[in-house]
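Data block below; observations after.
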Amino acid sequence: MVGPKRPQFVLFGSSIVEYSFREQGWGAILADIYSRKADIFLRGYGGWNSRKAVAVLDQVFPKDEAVQPSLVIVYFGGNDSVGPRPDELCPHVPLPEYVENMRKIAIHLKSLSEKTRIIFLSAPPVNEAQLTGPNHRTTELCQKYAEACVEISQEMGIKAINLCTAFKQHSDWLTTCFIDGVHLTSVGSKIVAKEILKVLTEADWKPSLHWEALPLEFS
């Protein structure tokens, strides 16, 4: 660990997180805005669902660490919401289990520190016309899991962003937001970053994690 110590932001999730540090990705946008103010750690795992996330919570977020994250942004749901297949060779997680997994994630993260803040990102919609090969992804399923993500977030008293709703506010989302029907273009990433920054601006957290409220290192 290099110093001086800064607030730590952790991005935890599947490929939407793993790819977020690519050029003009939403993680890269946050890292640029918070440069010299916070360290942003990437913990993204392509193909993962909430079931896999629960299995490694203690390894990714050990409770005995002296320094705990100031913010954890969690994204699971896109793979969970893939429709089930008879051979079970897909990342589908039934909706009730997804809800319980997200509850377990929230409980674990809240136990790290009284000052650890949490934002859940829901599954975004998909462009079904862009999907190739055997696929069981639909915007209808994504919407159901997104709504469940928001509901469990409200129950647990944490912030949530419904990406289905956020994307659909843009009339051209189908043609501009996805590389392959699922993963995000720079346009899609800008929507995600904008929604996260809106939460960070409006949250009444103390201390504030708004970028303008954090000191500039070696200013």
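Fair warning: this is a prediction, and the values are worked out from it, not measured in the lab. If you read the sequence from its start, that first residue is 1, and numbering goes on from there.
- K37 and P215 get closest at one heavy-atom pair: CG-O, 3.6 Å.
- Sorted by first and then second residue, the ring-ring contact (aromatic ring centres under 6.0 Å, His included) pairs involving residues 46-72 (not counting sequence neighbours) are F12-F61, Y45-W48.
- Results of the side-chain contact (heavy atoms from CB on, under 4.5 Å) test with I118 over L71, L112, I73, I158 single out I158 as the only residue that passes.
- Atom NZ of K168 is surrounded by more than 12 heavy atoms from other residues, nucleotides or ligands within 6.0 Å.
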Side chains of residues 194-203: which donor-acceptor pairs under 3.5 Å do they make with residues two or more places apart or in other chains?
from: T201; atom 1: OG1; to: L197; atom 2: O; distance (Å): 2.7
from: T201; atom 1: OG1; to: H210; atom 2: NE2; distance (Å): 3.4

Working for side-chain contact (heavy atoms from CB on, under 4.5 Å), residues V192 and F167
CA-CA 9 Å; V192 176; F167 276 48; 4.0 Å; yes
Walk me through it: do T139 and E128 pass the test side-chain contact (heavy atoms from CB on, under 4.5 Å)?
CA-CA 8 Å; T139 291; E128 297 170 34; 3.9 Å; yes
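- No more than 12 heavy-atom neighbours from other residues, nucleotides or ligands sit within 6.0 angstrom of NZ on K144.
- Evaluation of the side-chain contact (heavy atoms from CB on, under 4.5 Å) rule for A193 yields W26, I29 as partners, not counting sequence neighbours.
- Note on L163: it clusters hydrophobically with I191, by side-chain heavy-atom contacts below 4.5 Å among ILVMFWY residues.
- With sequence neighbours excluded, the residues that form a salt bridge (Lys or Arg N to Asp or Glu O under 4.0 Å) with E217 are R6.
- With sequence neighbours excluded, the residues that form a side-chain contact (heavy atoms from CB on, under 4.5 Å) with D172 are H170, T175, T176.
- At a threshold of 4.5 Å between non-hydrogen side-chain atoms, the residues C177 and N127 do not count as touching.
- Applying the side chain to side chain donor-acceptor pair (under 3.5 Å) rule to E147 yields the partners Q143; only residues at least two apart in sequence or on another chain are considered.
- F41 and V56 fall within a single hydrophobic cluster, where Ile, Leu, Val, Met, Phe, Trp and Tyr are joined by side-chain heavy atoms under 4.5 Å apart, directly or via other members.
- When all heavy atoms of A148 and L95 are compared, the closest pair comes out as CB-CD1, 3.7 Å.
- How far OG of S208 is from CG of L214: 6.5 Å, rounded to the nearest 0.5 Å.
- Residues P84 and H92 share a closest heavy-atom pair of CB-CD2, 3.6 Å.
- Between the CG atom in D32 and the CD atom in Q24 there is a gap of 11.0 Å [rounded to 0.5 Å].
- With hydrophobic clusters built from ILVMFWY side chains whose heavy atoms lie under 4.5 angstrom apart, I152 shares a cluster with V72.
- Evaluation of the ring-ring contact (aromatic ring centres under 6.0 Å, His included) rule for H183 yields Y19 as partners, not counting sequence neighbours.
- For the pair R36 and F218, the tightest heavy-atom approach, listed with the atom from each and the gap, is NH2-O, 3.1 Å.
- Put simply, CD1 on I16 and OG on S189 are 8.0 Å apart, with the number rounded to the nearest 0.5 Å.
- S70 places no side-chain N or O within donor-acceptor distance of the main-chain N or O of T116, the cut-off being under 3.5 Å.
- Considering only heavy atoms from C-beta on, F120 stays 4.5 Å or farther from Y75 through its side chain.
- Hydrophobic clustering of Ile, Leu, Val, Met, Phe, Trp and Tyr side chains at less than 4.5 Å, counting indirect connections, unites L209 with W211.
- A donor-acceptor contact shorter than 3.5 Å links the side chain of N49 to the backbone of P91.
- A search for salt bridge (Lys or Arg N to Asp or Glu O under 4.0 Å) contacts involving E65 returns nothing, not counting sequence neighbours.
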Residue pair M156, I107: steps toward the side-chain contact (heavy atoms from CB on, under 4.5 Å) verdict:
CA-CA 8 Å; M156 299 301 298; I107 291 171; 3.5 Å; yes
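- Nearest approach of C164 to S122, heavy atoms of both residues: N-OG, 4.0 Å.
- Side-chain atoms of R137 never come within 3.5 Å of backbone atoms of L131 as a donor-acceptor pair (strictly under, hydrogens ignored).
- Contact check for V74 versus I119: no side-chain heavy atoms found under the 4.5 Å cut-off.
- One N or O on the side chain of S20 and one on the backbone of V17 form a donor-acceptor pair closer than 3.5 Å.
- Residues satisfying the side-chain contact (heavy atoms from CB on, under 4.5 Å) criterion with S111, sequence neighbours excluded, are K63.
- The shortest non-hydrogen separation linking V67 to K5 is CG2-NZ, 4.1 Å.
- Side chains of R51 and N79: a donor-acceptor N/O pair is absent below 3.5 angstrom, by distance only.
- Residue pairs meeting the salt bridge (charged side-chain N to carboxylate O under 4.0 Å, His left out) criterion with at least one partner in residues 11-30, sequence neighbours excluded, are absent.
- For I40, the side-chain contact (heavy atoms from CB on, under 4.5 Å) partners are F9, L11, F21, L30, A31, Y34, not counting sequence neighbours.
- F178 and V82 fall into different hydrophobic clusters, where Ile, Leu, Val, Met, Phe, Trp and Tyr are joined by side-chain heavy atoms under 4.5 Å apart, directly or via other members.
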Side-chain donor-acceptor pairs of residues 98-105 under 3.5 Å, sequence neighbours excluded:
from: Y98; atom 1: OH; to: F76; atom 2: O; distance (Å): 2.8
from: E100; atom 1: OE1; to: R103; atom 2: NH1; distance (Å): 2.9
from: E100; atom 1: OE2; to: R103; atom 2: NH1; distance (Å): 2.2
from: N101; atom 1: ND2; to: S50; atom 2: OG; distance (Å): 3.0
from: N101; atom 1: ND2; to: E97; atom 2: O; distance (Å): 3.4
from: R103; atom 1: NE; to: E155; atom 2: OE2; distance (Å): 3.0
from: R103; atom 1: NH2; to: E155; atom 2: OE1; distance (Å): 3.0
from: R103; atom 1: NH2; to: E155; atom 2: OE2; distance (Å): 2.8

